Asks: 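Just dropping this structure here.
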Amino acid sequence: MSARLPLRDLLREKGLLSREVIAADVGGRVVDLHTPVDADATATPITVTDPRGLAIIRHSTAHVMADAVQRLFPGTKVTIGPAIEDGFYYDFDRVDGNFTDDDLAKIEKAMRDLIKNPSPFKREVVTREQALEMFEKMGESFKVEIIRAIPEGEEISLYSHGAEGSTWVDVCEGPHVPTTSYLKAVKLTHVAGAYWRGDERNPMLQRIYGTAFPTKEALEEHLRLVEEARARDHRKLGKELDLFMFDAVAPAMPFFLPRGTFVYNALVGYVRDLYRVYGYDEVITPLAYSPELFKKSGHLENYADNMYRLWTEDEWDKVDEEADHRGGVTGAHEGLAAHSFCLKPMNCPSHCVIFGSRRRSYRELPWRVADFARLHRYERGGVVHGLARVRSFAQDDAHIFCSIDQVPDEISSFISMLYEVYQSLSFVRVDVKLATRPAQRIGTDEEWDRAEKALAEGLEKAGLAFEYAPGEGAFYGPKVEFHVLDALKRSWQLGTIQYDPNLPERFDLSYIGEDGKEHRPVMLHRAVLGSLERFFAVYLEHCGGNFPLWLSPTQAVVLSVSEKSEDYARKVTDELREAGVRVEADLSADKLGAKIRNARLMRQPYMLVIGAKEAEDGTVGVRSRDKGELGAMSVADVTKLLLEEGRSPKAGHRKGVAAPATS
RNA sequence: GCCACCUUAGCUCAGCGGUAGAGCAACGGUUUCGUAAACCGUAGGUCUGGGGUUCAAGUCCCCAAGGUGGCUCCA
C-alpha cells in the first residue's frame, strides 16, 4: 500500500498548486486540498472557475451561512446544505420563529464579517462513535440522524472553519475551499419551506437559498441574468402584451385574450397541418363523462384526487333516494362519487371508446387519433404557476393504436414530426431520455423487455442519441421524453411518447389480424408540444414576446406622422388588410416617437411610417422590430414582404428524413 | 396540501395607527409634430373579502380567497 498525503502536498510537489487551484480530479472523484490521497495518484487540478470548483465555493459558503445563522439564532439546528444549479441552500430547524428578509440581510452581513478574517477549512476524520457523541452533545438531532445513515465502513469526516476558539464544525464529506478567503461574492436570495428529507410527512424546515461566485463581477453578471429572466417571465409578458389573464372566479384556469388566442390558434393550426402530412385523424370528444368510463380506465382508482366532478339535480336526486333507502344521509359521499360526472383529465379513455365502438381490422392500423380537447385537472394549490401549470388546458394530444411490430416505425415517424416542429420554433437543442420500468408497475418483465426494446429501436431507427432514465417510466409502460433548452438555457420537457398496453387491456380492445383472429393492439400516447398552455409559456419566454411573423397577432402597425397623412395611412392599412396582412393603424395625436415606442413595447414586428413624403411618393417607411430601419418601400413590396415572411412553416419538410443525433 | 411572503386606481408602485398618493394608461382640450414618452386639465378607490383590537385600522391580530417563492406532487 502506497503512502498517503494531503492533496495539497501532492500538488505542491508536482508544481501544480496555485492560488486558483482549490481541488483536483483524482480518479474521477473531486477531492479538495485537505483530503489525503495516494502519493502516486494522478491529480488533475480544478480551479475556482471550473464548474466543479464553483460548486465547492458554494458548498463552503453554505457552511459559513450555517455558522452565521447559528451565531445569530442560537438553538437553530442544522441539517443539510448542498450546492445546487445556481447557488446553494441550507435547511434549518429554527425553534423561535421564521427567517425574514431582514434576517437574510443580517445573516449576509454576519457572513461577511466571518469571511473578513480568513480562516482555513480543516478536515478531520473521526469514528462513528466520536461523531455521534459530539453531535448528540450539541443537540444536533438531524445531524445524528444523518451520521446514523452513513453506511458502515465509510469514512466520516468533519469540516471546520473559523477563528481559533470559535470554530464551526459540520459532519460533511466535502469538498471545501482551502480557506474562507475564497468566498468573495455571496448573496442570499430567498427563504422557503422544505420538508426534512423531502418527505411531506416529515417536519417542515426552513431553507435559505443563496448564491456565490469566485468574483464580484461573476456574481453581478449572474444577478443581471436573473433580472433578464424576470423581464421575460411569461406572466409579465402575458399582461404587457395583452395575451392572457387570470381571475379568481376560475383559479389557475387561463383566459386567453384576443391576441393570445391568435397565437394559440396559430400553433394549433400548424400542428394540424403536420397531422395532414403525418397521417393523423382528428376527433372531437365530450368533456364530461359518466364515472363508469374512468372506473374502467382506472383513473378513478388512481387519479380521483386530481379530477373535477360535476352533478346535475337529477344525480343529486338519485343520491338522495339511495340515502333514503339506507335510512339516512350516510353514504352520500359514495353516492355522489358513483353518480357525479367527471371532467376528463386525459383524452386516452375517450379514444379507447371510439376504437372499441366497432370491429377493427389490421388494415386500419396504425390508427393515429388526435384531439385538442380541453382537459381539467385539479392541481394542488401550491403547484400552479402562470400558464406553465394550470388546471384547465389542452394538449396537442394523439393516440396511436397499432401492433407491437409497428411501434418502432411509429416512434421514428413521430420523432421526425417532433424535430420538424422544434426546428420551426427555433429550439436548437433537444435531449432525449428513455424512461424505463419503475419499481411500482403492472405487467410482466417480459412485456417490459419488449416495450423498452421497441422504444429503443424506434429511437435508433431515427438515429437519435438518448439517455436512459431508469425507473422513471409510467406504471403501465416506458416512455420517451424530449427536453428542450430555451433561449435562457433552461430545460423543459415538452414532447413525450409513451407505450401503453394497459388501456387496450382494460377496454378489451381488439382488431382482426391477417390471420382472421382477434389481437390486442398497443396504444402509444404522444404529444409534441405537450400542454399547449405550458408550451405557450415556454415559447413566450423563449422568444421574449418577439413572435415570428406567422405567429404574431399583429404583423404590422401603420404609424401616421401627423393628421395630414391620416387619409393615406388609412388607405394603406385597408390595402394591406385586404391583401391578408394582420395590420393595425395608430392614428392618434401622439408624436411619431411615442407611436414607435408603443409599438416596440408591444413587440410589433413591422412599423410602417407614413408622413407627407410617403403620401406623395406612394410609399411607406419600413422599420423592422428585428432588423431596424429598412427605408422607403412601395406598398406592393411591403405587402409581398409581409405575406412571404408571414407564412407558417411548411409542414412535412422533414418527412422521411432521419432526425439528427443530439449531443 | 405544507412553510414563508404578497394583495392599495386599468398597470407599476409609495404610504406602515391620525382626513387615501404618484407615474403611466383612460377621458377632455391644446399641439399636427419624422423613428423609443408633447403640454394642460378631468375623472378614477368599500386599500382582496369577512371578523376582531383601538377614541381612531391599507397600517396591528384572526379567518377566508387569490397570487408569489420553495417543498411535496406531476398518468
Side-chain angles (χ1 to χ4, degrees), chain A residues 84 89 91-94 97-101 103-104 189-209 230 233 235-236 239-240 242 245-252 294 297-299 301-307 345-349 375 377-386 388-390 395 438 472-477 479 493 496 498 500 502-503 525 530-531 534 559-566 587-602 607-614 621-625 628-632:
Chain A
I84 50 171
Y89 68 79
D91 286 348
F92 299 98
D93 181 32
R94 180 173 163 189
N98 302 304
F99 295 110
T100 63
D101 287 346
D103 291 338
L104 285 197
T189 52
H190 57 286
V191 276
Y195 299 107
W196 167 234
R197 306 209 143 169
D199 188 326
E200 63 183 319
R201 289 163 304 191
N202 284 341
M204 173 74 60
L205 305 170
Q206 289 191 62
R207 175 171 298 180
I208 301 181
Y209 281 92
R230 209 194 303 274
D233 189 305
R235 293 165 302 183
K236 187 168 143 68
K239 215 182 267 185
E240 287 171 0
D242 277 336
M245 56 168 261
F246 289 91
D247 190 279
V249 295
F294 295 107
S297 70
H299 285 89
E301 205 179 318
N302 297 299
Y303 202 64
D305 287 352
N306 286 286
M307 285 166 65
M346 293 168 207
N347 289 315
C348 24
L375 306 174
R377 297 181 188 173
Y378 176 72
E379 301 282 4
R380 293 157 100 195
V383 306
V384 294
H385 174 86
R389 185 94 177 258
V390 289
Q395 295 175 301
E472 299 276 305
F475 75 89
Y476 52 75
K479 60 180 174 184
Q493 191 208 308
T496 178
Q498 309 186 5
D500 183 2
N502 179 47
L503 276 183
H525 307 247
S531 151
R534 200 169 82 105
L559 309 179
S560 55
V561 172
S562 80
E563 222 167 60
K564 287 175 193 140
S565 36
E566 196 181 309
L587 309 175
S588 65
D590 279 338
K591 291 171 80 166
L592 182 61
K595 292 186 187 188
I596 286 175
R597 179 167 191 272
N598 291 335
R600 291 212 48 108
L601 289 174
M602 288 302 282
M607 284 153 269
L608 309 178
V609 175
I610 282 175
K613 199 163 42 153
E614 287 79 10
V622 181
R623 181 179 164 132
S624 146
R625 175 190 66 198
E629 275 193 69
L630 301 181

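Order of the sequence lines fixes the chain letters, A, B, ..., with proteins taken first and strands second; residue numbering starts at 1 for each chain. What you see is a predicted model, and the numbers here were worked out from it, not measured in a lab. Only this structure's heavy atoms are used, side chains among them; waters, hydrogens and symmetry mates stay out.
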Asks: Report the secondary structure of RNA chain B in dot-bracket form, marking unpaired bases with a dot and bases paired to a different strand with |, and treating Watson-Crick or G-U pairs with both distances under 3.5 Å as paired.
Replies: (((((((..((((....[..)))).(((((.......))))).....(((((..]....))))))))))))....
Asks: When rounded to the nearest Å, what value does the distance between C1' atoms of B/C2 and B/C73 take?
Replies: 12 Å
Asks: Output yes when at least one side-chain N/O atom of A/Lys595 is less than 4.0 Å from OP1 or OP2 of B/U35, else no.
Replies: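 It does not, given that no N or O in the side chain of A/Lys595 lies less than 4.0 Å from OP1 or OP2 of B/U35.
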Asks: More 5' along RNA chain B: A/Asp247 or A/Gly611, using each one's nearest nucleotide?
Replies: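 That would be A/Gly611.
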Asks: Any idea which heavy atoms bring A/Arg230 and A/Lys236 closest together, and the distance?
Replies: O-CD, 3.6 Å
Asks: Would you mind classifying the nucleic acid contact of A/Ala594 as base, sugar-phosphate or nothing, using non-hydrogen atoms under 4.0 angstrom?
Replies: sugar-phosphate
Asks: Taking only residues two or more places apart in sequence, or in another chain, which ones meet A/Phe92 in a ring-ring contact (aromatic ring centres under 6.0 Å, His included)?
Replies: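 By the ring-ring contact (aromatic ring centres under 6.0 Å, His included) rule, A/Phe92 matches A/Tyr90, A/Phe99.
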Asks: Under 3.5 Å, is there any donor-acceptor pair linking the side chain of A/Arg597 to the base of B/U35?
Replies: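 In this structure, the two groups form no donor-acceptor pair.
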Asks: Is it true that A/Asp199 and A/Arg201 make a salt bridge, defined as a side-chain N closer than 4.0 Å to a carboxylate O?
Replies: yes
Asks: Within 90° of 0 counts as syn, otherwise anti: where does B/G58 fall?
Replies: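 B/G58: syn.
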Asks: Could you check whether any side-chain heavy atom of A/Glu379 comes within less than 4.5 Å of a side-chain heavy atom of A/Val390, counting everything from C-beta outward?
Replies: no
Asks: Rounded to whole angstrom units, what separation is found between the CZ atom of A/Arg230 and the C1' atom of B/U68?
Replies: 11 Å
Asks: For nucleotides B/G67 and B/G28, find the distance between their C1' atoms and express it as a whole number of Å.
Replies: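 So the two C1' atoms sit 37 Å from each other.
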Asks: Suppose we call a contact any N or O donor and acceptor under 3.5 Å apart; does that hold for the side chain of A/Tyr195 and the base of B/G1?
Replies: yes
Asks: Mind checking if A/Gly382 touches a base, just sugar-phosphate, or nothing, with heavy atoms under 4.0 Å?
Replies: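 The answer is base, as A/Gly382 lies within the cut-off (heavy atoms under 4.0 Å) of a base atom.
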Asks: Nearest to the side chain of A/Ala252, which nucleotide is it out of B/G67, B/G34, B/C11?
Replies: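 Looking only at heavy atoms from C-beta outward on A/Ala252, the closest nucleotide is B/G67.
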Asks: For nucleotides B/U59 and B/G17, find the distance between their C1' atoms and express it as a whole number of Å.
Replies: 6 Å
Asks: Atom NE2 of A/His190 and atom P of B/U68: how far apart are they, to the nearest Å?
Replies: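 Rounded to the whole Å, the gap is 15 Å.
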Asks: Both A/Asn98 and A/Asp199 contact RNA chain B. Which one's nearest nucleotide lies toward the 5' end?
Replies: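 Taking each residue's closest nucleotide, the earlier one in sequence belongs to A/Asn98.
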Asks: Does any N or O in the side chain of A/Arg377 come within less than 3.5 Å of the main-chain N or O of A/Pro345, such that one atom is a donor and the other an acceptor?
Replies: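 Between the backbone of A/Pro345 and the side chain of A/Arg377 there is a qualifying donor-acceptor contact (under 3.5 Å).
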Asks: Looking across every strand, which nucleic acid part, if any, lies under 4.0 Å from A/Asp590 by heavy atom: base, sugar-phosphate, or nothing?
Replies: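 Counting heavy atoms under 4.0 Å across all strands, no contact is made by A/Asp590.
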Asks: Answer with base, sugar-phosphate or nothing: what part of the nucleic acid does A/Gly477 contact at a heavy-atom distance below 4.0 Å?
Replies: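 Touches nothing.
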Asks: Would you measure the distance from the P atom in B/U48 across to the matching atom in B/U31 and give it in whole Å?
Replies: 42 Å
Asks: For B/G69 and A/Arg235 - does any side-chain N or O of the residue sit under 4.0 Å from the phosphate oxygens OP1/OP2?
Replies: yes
Asks: What nucleic acid atoms does A/Arg207 come within less than 4.0 Å of, heavy atoms only: base, sugar-phosphate, or nothing?
Replies: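 Sugar-phosphate only.
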Asks: Given atom CG of A/Asp233 and atom P of B/U12, what is their separation to the nearest angstrom?
Replies: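 Nearest whole value for this atom pair: 12 Å.
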Asks: Which nucleotide in the list B/G1, B/C33, B/G34 gets nearest to the side chain of A/Ala612?
Replies: B/G34
Asks: Please give the distance between the C1' atoms of B/A22 and B/G15 as a whole number of Å.
Replies: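 B/A22 and B/G15 have their C1' atoms separated by 11 Å.
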Asks: Flag the pair A/Gln498 / A/Asp500 as yes when at least one side-chain heavy-atom distance between them is below 4.5 Å, and no otherwise.
Replies: no
Asks: Over all strands shown, is A/Ala589 touching base, sugar-phosphate only, or nothing at heavy-atom distances under 4.0 angstrom?
Replies: base
Asks: When the C1' atoms of B/G45 and B/U19 are considered, how many whole Å apart are they?
Replies: 15 Å
Asks: Measure the distance from OH on A/Tyr209 to P on B/C5 and round it to the nearest whole Å.
Replies: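 Atom-to-atom, A/Tyr209 to B/C5, this comes out as 17 Å.
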Asks: Rounded to whole angstrom units, what separation is found between the OH atom of A/Tyr89 and the P atom of B/G69?
Replies: 19 Å
Asks: Provide the distance between the two P atoms, one in B/G50 and one in B/A14, to the nearest whole Å.
Replies: 24 Å
Asks: Between B/A65 and B/U72, how far apart are the P atoms? Round to whole Å, please.
Replies: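 Those two atoms are separated by 24 Å.
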Asks: In whole angstrom, what separates A/Asp91's CG from B/A4's P?
Replies: 15 Å
Asks: Would you check if there is a donor-acceptor pair between the side chains of A/Lys613 and A/Ser565 at a distance under 3.5 Å?
Replies: no
Asks: Between A/Lys595 and A/Ser588 (side chain of the first, backbone of the second, donor and acceptor by atom type, cut-off under 3.5 Å), is there such a pair?
Replies: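 Yes, A/Lys595 side chain to A/Ser588 backbone: donor-acceptor pair under 3.5 Å.
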Asks: May I ask you to verify whether the side chain of A/Arg389 and the base of B/C73 hold a donor-acceptor pair under 3.5 Å?
Replies: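 When only heavy-atom distances are counted, A/Arg389 does reach the base of B/C73 through a donor-acceptor pair under 3.5 Å.
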Asks: Could you tell me how far apart A/Gln206 (CD) and B/C3 (P) are, to the nearest whole angstrom?
Replies: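 Between P of B/C3 and CD of A/Gln206: 11 Å.
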Asks: Over all strands shown, is A/Ala194 touching base, sugar-phosphate only, or nothing at heavy-atom distances under 4.0 angstrom?
Replies: sugar-phosphate
Asks: Taking OP1 and OP2 of B/G69, is either one under 4.0 Å from a side-chain nitrogen or oxygen of A/His385?
Replies: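 Yes.
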Asks: Rounded to the nearest angstrom, tell me the gap between atom CD in A/Glu566 and atom C1' in B/G34.
Replies: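 Value for this atom pair: 17 Å.
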Asks: So, under a plain 3.5 Å distance rule, would you say the side chain of A/Glu614 forms a donor-acceptor pair with the base of B/G34?
Replies: yes
Asks: Using a heavy-atom cut-off of under 4.0 Å over every strand shown, decide if A/Gly198 touches base, sugar-phosphate, or nothing.
Replies: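 Result for A/Gly198 = sugar-phosphate.
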